[in-house]
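In this text the structure is predicted, and so the values were computed from the model without any measurement. Sequence lines set the chain letters: A, B, ... in the order given, protein chains first and strands last, and positions in each chain run from 1.
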Amino acid sequence: MKAEEKTLDKRYEPGDVEKRWVDRWFELGLTRAKTGSDKPPFCMVIPPPNITGALHVGHALNSTLQDILARYKRMKGFNVLWLPGIDHAGIATQNVVEKELAREGLDRHALGRSLFVKRVWAWKEKYGDTILNQLKRLGASCDWTRLRFTMDEGLSKAVREVFVRLYSEGLIYRGDYIINWCPRCHTALSDLEVQFEETEGSLWYMRYPLKEPAGGLTHLTVATTRPETMLGDTAVAVNPADERYTEAIGSKVVLPFVDREIPVIGDESVQMEFGTGALKITPAHDFNDFDVSARHGLPALKVMDLSARMNEEAGVFAGLDRYEARKKVVEGLEGLGLLEKVEPYKVMLGECYRCSTVVEPTLSKQWFVRVKPLAAPATEAVREGRTRFVPKAWENTYFDWMLNIRDWCISRQIWWGHRIPAWHCLDCHHITVSTADPTECEKCASSRIEQDTDVLDTWFSSALWPFSTLGWPERTEDLETFYPTMVLSTSFDIIFFWVARMVMMGLKFMGEVPFRDVYIHALIRDAQGQKMSKSRGNVIDPLVMMDRFGTDAFRFTLTALAAQGRDIRLDEERVEGYRNFCNKLWNLARFTLMNLGAGYAEEVDPALYNSADRWILTRLSVCTEEASKAIEAYNFDDAARALYRFVWHELCDWYVELSKKDLRGENGGERRTVAAHVLSGVLNDTLKLLHPFIPFITEEIYSYLPGSGESIMEESWPEPGERFTEEAGAMENVMEVIRAVRNIRTEMNVPASARLECLCFSKDREMRQGVALGVDYIKVLAGVEEVAVKESGEKPGDAVSALAGSRAGGRVLEVFVPLGAHVDFDVESKRLKKNLDKVMDEKASLEKKLSNDGFLKKAPEEVVAKEREKLRALEEKREKLSSGLERIKGLGEVKG
RNA sequence: GGGCGGUUAACUCAGCGGUAGAGUGUCACCUUCACACGGUGGAAGUCACAGGUUCGAAUCCUGUACCGCCCACCA
């Protein structure tokens, strides 16, 4: 891969380079974690993407940030294990395969369970690694040899072990409860799998006649958003404190259509102000009603089947879909004169997170995890800081949820997933729960046993991810070495689904938190701030971005935008900007390589460094420290920005320009050698610093550098080097002069051909000396032919056509440009006037401040001193400006 | 109904007690031997609004407005 004589293209073309390095890293085994390493361990588990998934920007961001950590820690000398994996994604995958079957005119019932499951496995073999390849393409430096799948053998074992242990401790139970039912997927859903959508609905006021008049009432009017559920009503509830209905409590109403007599009960949960203050109770189809009925020992009556069609209990409505039934019920009531009124009303409708079908709360026999006993230690762990959220604000979200947590419905009526390890005895109905498949009932020894048909919620296996992937329940070396993991990086929307449950399970089964830090990254929106969604058509496809701008550019964009606690608005233009940055880096490398040539030396005596060398080395040292600190604090955006600024605005804009003469050999062979050495050294370190962010281009460039190893991944992370503060400061002053002269040049329309002489004044001796050292640089970079550095107060003599004041290190530095050039007096005097006005303003406010007793007394001394110094400087500046203005006026008149 | 976050240059965002910063865009000039995916220079902001704390507030506190998210069983 070395290309001694190869000349690099002017533009960096990412395509081939990226492919080549993905393969190369794998060949070299550089991303593999070592067993029995004496390096300190650093482990992260990847949030396993769904096998049905394709890489979206969220994955791209999260994986990029984790990759930065992994690469950084590796270079820092850690034994890094970034463990990859994929999730079997129960319902999602089943849906995909069912759709495939539908295209063939089949359905899963036609196939039968075992064939269907085989079919899903086949699908997984074929398409399951799509997203993994996309992650590889993104540069994710996972240990791909340790890839895990939530349904592989080891993990399935862990799932059974956990289920059995929780069951035997009474933390898993089976029972009839009201759950969220998806009538399309035909399965129960956990609370979290239901998404609420505000929908325009109606509030129907319906009259239920009282069996016998009570307290002057002949009927009760109830308000409901779901008239069809009245068929399953088993009571009407009113608030016992509601005087309107006091006498009705204890009496009965007759339910229309079905002529069922149901009691009127008193329950404090009823809001008197809402509707009529009378609430119909449908225990089998409403969460709240279920609770009320439980308090009063009421029966529950299901009136819908698994597809949300009305069942035989619904009498004449049987067989109708719930919405048709709603229409018919309303019409029927109207016919009976029992519909009092209808009001428009906004309802929050629960929808299935997979298929958006409106969920039907249904009474059903399901398996549950009793979470309260698990939640308590999980809350405690975060409170004690054993697990830390970054940004910390998310801890409150976590606590809130833990506090109000409800039992977790873990059974799903689908076929794809971990089947529940419970066997029902057909003779004695005992349930045998076991890690190994039993052959007989553990109670009556009957061999007539059947395994429960339900599978577990996908998140059940995900909850074990941090230890199941490391080999648990075996006590493997990986488990010993890498648990607890160091960081979990994920998005806020799965704090409940996943993070909280991992903490609970980790504490329960490992006795230790699963990770030290939880980094919650930003949510990516489109350029308009809209959430990306297929229906909006505003999805930015990471693969397209990577094709068009290169993976590095895309990664760098995501990183630079990843400020903590804030959403990201992703705009293509940003990616383009960072693509340009990559190109800039590429050309910096080209320039460096072009200049290494014969004079290049590996070692150079530091005593030979000049001011520019020492300046850039100092800046590099500062940048190194900034980047390291920022990564450690998860401020990836700060790190990216610091590096961007350093590369472009310090290294390229200044050092490269400052060193050009040296590199051309115009200042002798020694200078040439030293400059080449410094430039290539700085580039080398810069590449290392950038590598975690933009791995491909840095590897590629690194491979061309003399003395480079097989991969930049094996290099150590740079430590901040020696800083030459004073000399770097002097260099900054020189740069200030250069900028000032350039400024004058442009603003005064000084033609390139004009001879420019420059006079620099300062009272400060050190500054004068510093600038004097940079005279050569000023000449070259500002295009000035003569430079003189004088003590302030000396007469500028005849060189009075113009001047510019500029601040440098809090002191005023002046640059006089002599006659000889064409000078536009009009423009110049305007500029001076403007500057003067600005200075006067600043001065006025400073004077006010300094005449303020409070300020003088309370502000720290150094602040006051600083302000005094500033005022003095301003005063000087003002004098120069006004005298300059006077002189220009005079000249203008003479000339005119 | 609770809770959280946002409001800074045309756009996207940093800054979070000492009178404003970046990138993109824009304007002018530059086909200079790393790069026009480039260079140099410029213009551009009462830091949402109103009060308060402070010698001093974009920055802290209290309200208001508008945007966005999360949670919640008023049917």
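Distance from the side chain of A/F274 is smallest for B/A75 among the nucleotides B/A75, B/A36, B/C71. With B/A14, B/G38, B/A75 as the candidates, the nucleotide lying closest to the side chain of A/R641 is B/A14. Closest to the side chain of A/L561, out of B/U12, B/C70, B/C35, is B/U12.
Of the residues in residues 642-649 of chain A, A/Y644, A/W648, A/H649 come within less than 4.0 Å of RNA chain B through at least one heavy atom, sorted by number.
Straight-line distance between the P atoms of B/G38 and B/A34: roughly 16 Å, to the nearest whole Å.
Distances shorter than 4.0 Å separate none of the side-chain N or O atoms of A/K584 from OP1 or OP2 on B/C35. Here A/Y578 does not reach the OP1 or OP2 of B/U24: none of its side-chain N or O atoms lies under 4.0 Å away. Between A/K660 and B/A34 there is a side-chain polar atom (N or O) within less than 4.0 angstrom of OP1 or OP2. Note on A/N583: every side-chain N or O is 4.0 Å or more away from OP1 and OP2 of B/G38.
With salt bridges taken as basic N to acidic carboxylate O contacts below 4.0 Å, one links A/E360 and A/R226.
Contact annotation: side chain of A/R579 to base of B/C37, donor-acceptor pair present below 3.5 Å.
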Taking Watson-Crick and G-U wobble contacts under 3.5 angstrom, with | marking pairs to another strand and [ ] crossing pairs, the secondary structure of RNA chain B is written ((((((((.[[[[.)..(..]]]].(((((.......))))).....[[[[[..)....]]]]])))))))....
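Following rounding to the nearest Å, A/E576 (CD) and B/G25 (P) show an atom-to-atom distance of 7 Å.
Using a 4.0 Å heavy-atom cutoff across all strands shown, A/V222 reaches no nucleic acid atom at all.
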